[in-house]
Every structure is written in structure tokens, then in C-alpha cells.
Protein chains: 2
Amino acid sequence: MDVEVVSILMPARPDDLPFDLRSLEIFLAVCEAGGMAAAARRVGLTQPAVSTAVAELEARLGAGLFDRTVRPLALTPAGALLRQRASALISEARQIAPGLREVARGRLPLVRLGLVDSLSRALAAPLAGHLAARADQVSILSGLTSAHAGALVTRNLDLMIGVDDLGDVAGLERWPIATETYLLALPRGTHVGTVADLAALARELTFVRFSARSSTGVEIERHLRRLGLELPRGLEFDTPYGVAATVAAGGHFAVTTPLCVLEAACDVAGVSFAPTPGPRLTRRLTLVALARVLGRLPQDVAEFARARLAAEALPAIEAASPALAGAIEIG
Amino acid sequence: MDVEVVSILMPARPDDLPFDLRSLEIFLAVCEAGGMAAAARRVGLTQPAVSTAVAELEARLGAGLFDRTVRPLALTPAGALLRQRASALISEARQIAPGLREVARGRLPLVRLGLVDSLSRALAAPLAGHLAARADQVSILSGLTSAHAGALVTRNLDLMIGVDDLGDVAGLERWPIATETYLLALPRGTHVGTVADLAALARELTFVRFSARSSTGVEIERHLRRLGLELPRGLEFDTPYGVAATVAAGGHFAVTTPLCVLEAACDVAGVSFAPTPGPRLTRRLTLVALARVLGRLPQDVAEFARARLAAEALPAIEAASPALAGAIEIG
DNA sequence: TCATACTATAAATTCTTTTTATATTGAGCG
DNA sequence: CGCTCAATATAAAAAGAATTTATAGTATGA
């Protein structure tokens, strides 16, 4: 009868974990000490306590861990495997508390920011300074947004600024940085009004691509396909500099954005910028961070980035080409 | 006075872990349920039990986890960080027991074997069959030993057969597979007796290298330097096939081994093999595995590999060139 | 301001872990 | 083989945690 009652009262608690960190510590002590009596001394318990703890662990796991028919105690295959796994688990567990205490004090031990290539020149140095005041150690990585997105969700990155807001991942917070319209970059004097003009242009000039590894490149490609344009595969680059420098050299055209041009920091006197024919294509730069872990920091960083872009990048873009400046909006 | 006694009795037990898995589970339930009362229902406890467990956790961690001045309960930065870490830790913990039970039954859920490129042709398929009988899932990866060595110590690989026995890593078991002598591979008719001959030859034929990414390439390079030979950088390959095929095509020479030639599976009728001038250089192929985890499997696999090489590879090498066959020894 | 739902605290209870005491087992040795 | 020594297993008692009931305090929203 009692059994019945119990099974009715506790159906919702499978208690799936068959061990505790403490029991794993004891198990590891036995492995290292080479015996239960020695392990008991090491962890400050008596020998029977260790003996029962190990027996309990074996029962719960449903697997023998030691071969007792031989002395000194030998590990079974399952025991050897548990030794590997348990020591990894415990060393991870040990790393949790220290970081937590620092975060609680408002002190961030390490902040890692992933910055999309096209903002690297405009923001890498200022952000480094801004973050250095708030964390003991700062690491800023420039690269492709796709790589950063992966790093963020696997917790190898704390913050990222890029062109993907990871809308499908929960537990993230997002802050807008800027919105840009894609523009045609053409040799000065060229006029493109329609899709047909563009197709004609492609027969005279080589189209320069952003690589399909970058989300910018993928966006542009998709847009061109929507326009019904099949441009020949020619040059392609991973970084904004390659694209801009090639166009600036003449004989090429590309689709790019104001910040990509700024990032390249090359002379664009011979280049004019014009809207793409057909519908406008825009990209949105967003700061993404793990929700709440960093307190107000993501919001602060986003504000700082916007202010910095407004104060430094916009004038520089305006100076390079008014048409460019009209295609970017902060926020 | 009591305090004094306690501090004398328990100095050896720092009890460094400020939590156990159960308290983390409760904490996560509170995060997910959005409150302690709701979490209590979910995990099958009463509300005060959850309340005290959380309070205890906060005390031990030395950091507040929830902001109680607001309802519904909000996570502090430290709480948000712990939520991330704790859920990772617990999901790892959950993965431990199932694999362990299978290992205890003598059933291996998954065996991952890294095979050095030069044994790929000779052993990949037979080993796959041999392992399939002993594991539910088998994964065989061919590549460079250096990559496999890294994967083995980070437990992304269970076994490897390669040219590095990882002598400096503890907790591994090693079984010999074969020993090979490096030979010169030259166009038929060429005679090389001394180091000077070799230097002269290098002025007529191009030397083909194994890439420095492979340990074979590094070994060969070191040996040539010891001989005082400075061969020009020309062609280099990651895989044995590239080297052997280039030499077989004529106009090139290389330093290689019997198994590398067999691996390439190309016609070597026009190639002769000769000892390198100066001291012999050998490489030892070894099977390396995490000690004891896999029971007798590593030993079995090593025996099988040796038998297979003796029965299949040796005759094939002998057929290709008797000089090659003399440069390999099983075991 | 009140009602409600939630959280914190206290004391009692139950359950687990640990200890003391004792029995059992394997290893080494004459 | 049988003895001894050292280690492990088991049983019952004690200590210590975790959990529960009961109750008090507090934020939220009508």
C-alpha cells in the first residue's frame, strides 16, 4: 500500500541525475589515491563513508566501477570512462563560481566582442577603449558575422555587432546600431537607371562580389537573382577593402554599402554611387548579446557605437560622397 | 572556543564546490518557471524548500541571483550567467550515465578511430568491418596524425593509428602496428650511394616533399638537414598519393615509405627504391587509445591491423618492389 | 486600501550521510 | 596451506541536511 502511495505522490520527479558532484569527487579521489582507505584520508572522511558512497554510485549508475577481486583496486572500463568524464565535469563546475562573483561585483573579468569587418575601422579602436574601462580584459575580434554568431551561441563570445540579429535564437538581447542601403559603386560618369542598364554594364565591366561566406555577399546575391540578373562569376573578396579597392582601380563595379566603403579607406574620387535599380535593399547592423548577463553593458556599447558613428563615420562618408551619406541612418 | 575546535578539525576539507547538481536543477527550475512557488510545483517540492535552496546557493556563491524587489522575479547579471553555465553543466552530466551503462555491458555506443593517411587504403575498410561488430556506431577519420592526436586528448576521438605515440601524455595505452624505413624513390636506373650523389641528383630532378603539416614531412626534413642537405622548396603534398604519383610521372624524386607508396596505389614500375644515404631513418606506426576505457578493444584492433597488414599489404608491397618490402616490419 | 499571490523564516520531521564497531576478503609470506 | 596484515564491506548509531508544515512579511493590481 505504501508503495502505491509513493508512486502516486512522486510521479513528476524522475530525479534523472544518478550522481552528485560530491560523489564524483569521492570517486575521483579513490581513482587518484588508488584505494578507498587512502581516498578517505585525502578527502577527510572515514573509510566506510567512501565505501558506501562508491557502492551507492555504482548502484545508481547501474555499472560497476571498480574490480574488487584484485588488489590494488582496478578500474573497470565503465570506471575508466567515468573517471574521464567526471574530472572534466568537476573542473568545469569549479570555474563557475569565481566568474560569477566578479560579475556580481559589477566587474567583468573578460569581455569578448565580435565586430563585423565593415565596422572594424570605424569602431574597433574606440570600442576597445570604451570596454577597457569596464572590464579587466577585452578581446575584440573582427570577422564575418556568421562566425561570430556561432561563437556567441556557444559562449565563445559575449557580444557581437553584425548584420544578423539571430532572430531565431532565444535568450539574446538586441540593440540597433545602424541601417544602410546597398548602392551600386560604378566608375564616375556611368549612368544606371534600369535593370537592363545594369545587364548592359556587366558586359563592359567586371562585377566584384562579396564572398558567399559573408552574409552581405549572400544578401546581394539574393537581391540580384530577384532582379533577374545573372552576373558572371568573376572576382570575389571576403573583406570590404578588396571590393572597394578593385572598383576604385577602375574597370569594375560592385554593390556595396557606405560603411563598407568607409572601412576600405581607399580613394573613391573616381567612383560614383547610385541606388540599385528596382526595390531598395537594406542591411541592419545590430548588437547582439546574451540576455541580461552583462547588465547595462550591451545597451551602453550600442549607444556608444551609434554616437561614434554619428560623430566620426558620418562626416567621413559625407566627405567621400554625399550620395553615400544619404544611404546610412544611425539607429 | 568552539570556533577554534572546528577550525582545527576540518582544515583539510575546503569543500571547494559551492553547489551540487541538485541545487542547480532547482535554480534552473526557478528560472524557467519564473518564480519559486511555480518551480516548487514543477520539481515536486514545497515552496519553502525551493526558497531555502536558492538562498543557500546565493550564500555559498557569494552573489545574489534574483532581484526580489520586483515581481515576477528577475535574474541579476550573476544569475543570468549562472543560468547559462548551469544548464550547460547539467546537460553534460545527463549524458554521462547512459554511455557508461553501455560500456559496462561491453557494448560500445560509438567508436571513433583516427587513421593516418598512409594506412587509409590498407586498413580503413577492414577496420570499419571489424569495429562494426563491436560498436553500435563507427566513425573512421583519415587525416594527419597531428590533428588526430589533438582530437584524442580532447576526447573527440577514441582511438588513433598514427606516427606519434604521444609519449608525453599520461593515461594512454599504446600498441605497436608496424615499423618502416624511409627510402629514396627515384626514377629507375638512378644510383645514389652518397650524400654527395643526392645533392647532385637534386640539380637534375625536383625533390617532392610531404608537407610540414604532416609529421612524416617534418621527420624527413629534419633528417635531410642532419645530412647537411639543403634541397630547394618545390612541390609539396599533404597526402601520400600526391608524392607517389608525381615521382611515378618521372622527373622527380622523394623520400617516402612502403606504406605511403601502397596507399598511393599508383603504378611504380618506373620507380626504384633505395636506402637513404647516411643513417637509417624509421617511423613507427602506433595505435593509441585512452587507457582502459575500451577494455580489450585497442589490443584487438592492433592485432587485427597487424594481421591485415601482414596478409594483404605485405604481398602487395612485395609485388610492387622487393626493395620496398624489405623496409617494413609488422609489429 | 484591500485582496491575492508570492516569498521568507521558524520549528518539527524525515531522510541522507557519516561515524563507530565489527565482519569479511584478498595479498604476501613462511 | 595457513597465518598475518591491510584493505574493503556491512550494521547500527549519530550527526547533519534537506524537506515539510505553519506562519509572517511583501509586492502587485483592482
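Here is how names work: the chains are called A, B, and so on, in the same order as the sequence lines, proteins then strands, and each is numbered from 1. In this text, all values refer to a predicted model and were calculated from it rather than measured experimentally.
- If you measure from atom CD of E56(A) to atom P of dA11(D), you get 15 Å, rounded to the nearest angstrom.
- With respect to the salt-bridge test (charged N to carboxylate O, under 4.0 angstrom), the residues E25(A) and R42(A) do not qualify.
- Place T69(A) and D20(A) on DNA chain C by their nearest nucleotides, and D20(A) ends up nearer the 5' end.
- Within the 4.5 Å cutoff, no side-chain heavy atoms of L113(A) are placed close to those of L141(A).
- Residues passing the side-chain hydrogen bond (donor to acceptor under 3.5 Å, both in side chains) test with Q299(A) are R296(A), sequence neighbours excluded.
- Within a 6.0 Å radius of CZ in R284(B), other residues, nucleotides and ligands contribute 12 heavy atoms or fewer.
- Distance from the side chain of Q47(A) is smallest for dA9(D) among the nucleotides dT20(D), dT7(C), dA9(D).
- Ion pairing between a basic and an acidic side chain is recognised when a charged N comes within 4.0 Å of a carboxylate O; E92(B) and R85(A) show no such pairing.
- The CG atom of L73(A) sits 16 Å away from the P atom of dT25(C) (whole-angstrom rounding).
- Between F27(B) and F66(B), the ring planes lie tilted relative to each other; the angle falls in the 30° to 60° range.
- Protein atom CG of D67(A) is 11 Å distant from nucleotide atom P of dG26(C), rounded to whole Å.
- Summarising the geometry of L61(B) relative to P18(B), their closest heavy-atom pair is CD2-CG, 3.9 Å, with the distance given to 0.1 Å.
- If you check residues 29-39 of chain B against DNA chain C, the residues with a heavy atom closer than 4.0 Å are G35(B), M36(B), A37(B), listed by number.
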Side chain to side chain donor-acceptor pair (under 3.5 Å) between D20(A) and S23(A), intermediate numbers included: CA-CA 5 Å; D20(A) 228 340; S23(A) 60; 5.9 Å; no
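- Separating the CG atom of L45(B) from the C1' atom of dT14(C) is a distance of 13 Å, rounded to the nearest angstrom.
- Atoms CZ (R41(A)) and C1' (dT8(D)) sit 13 Å apart, rounded to a whole Å.
- In this structure, the nucleotide among dT18(C), dA8(C), dA9(D) sitting nearest to the side chain of R68(A) is dA9(D).
- The end-to-end axis angle of the helix from dT1(C)-dA30(D) to dG30(C)-dC1(D), rounded to 10 degrees and based on five pairs per end, is 40°.
- E58(A) has its CD atom 12 Å from the C1' atom of dT8(D), to the nearest Å.
- Taking atom CG of L57(B) as the reference point, atom C1' of dA18(D) lies 14 Å away to the nearest angstrom.
- Between S51(B) and the phosphate of dA8(C), there is a side-chain N or O to OP1/OP2 separation shorter than 4.0 Å.
- If you check dT7(C), dT19(C), dT17(C) against the side chain of P48(A), the one that comes closest is dT19(C).
- The existence of a salt bridge linking R308(B) and E303(B) is excluded, since no basic side-chain nitrogen approaches an acidic carboxylate oxygen closer than 4.0 Å.
- Rounded to an integer number of Å, the gap from CZ of R22(B) to C1' of dT19(D) is 10 Å.
- Nearest to the side chain of T52(B), among dT19(D), dT18(C), dT10(D), sits dT19(D).
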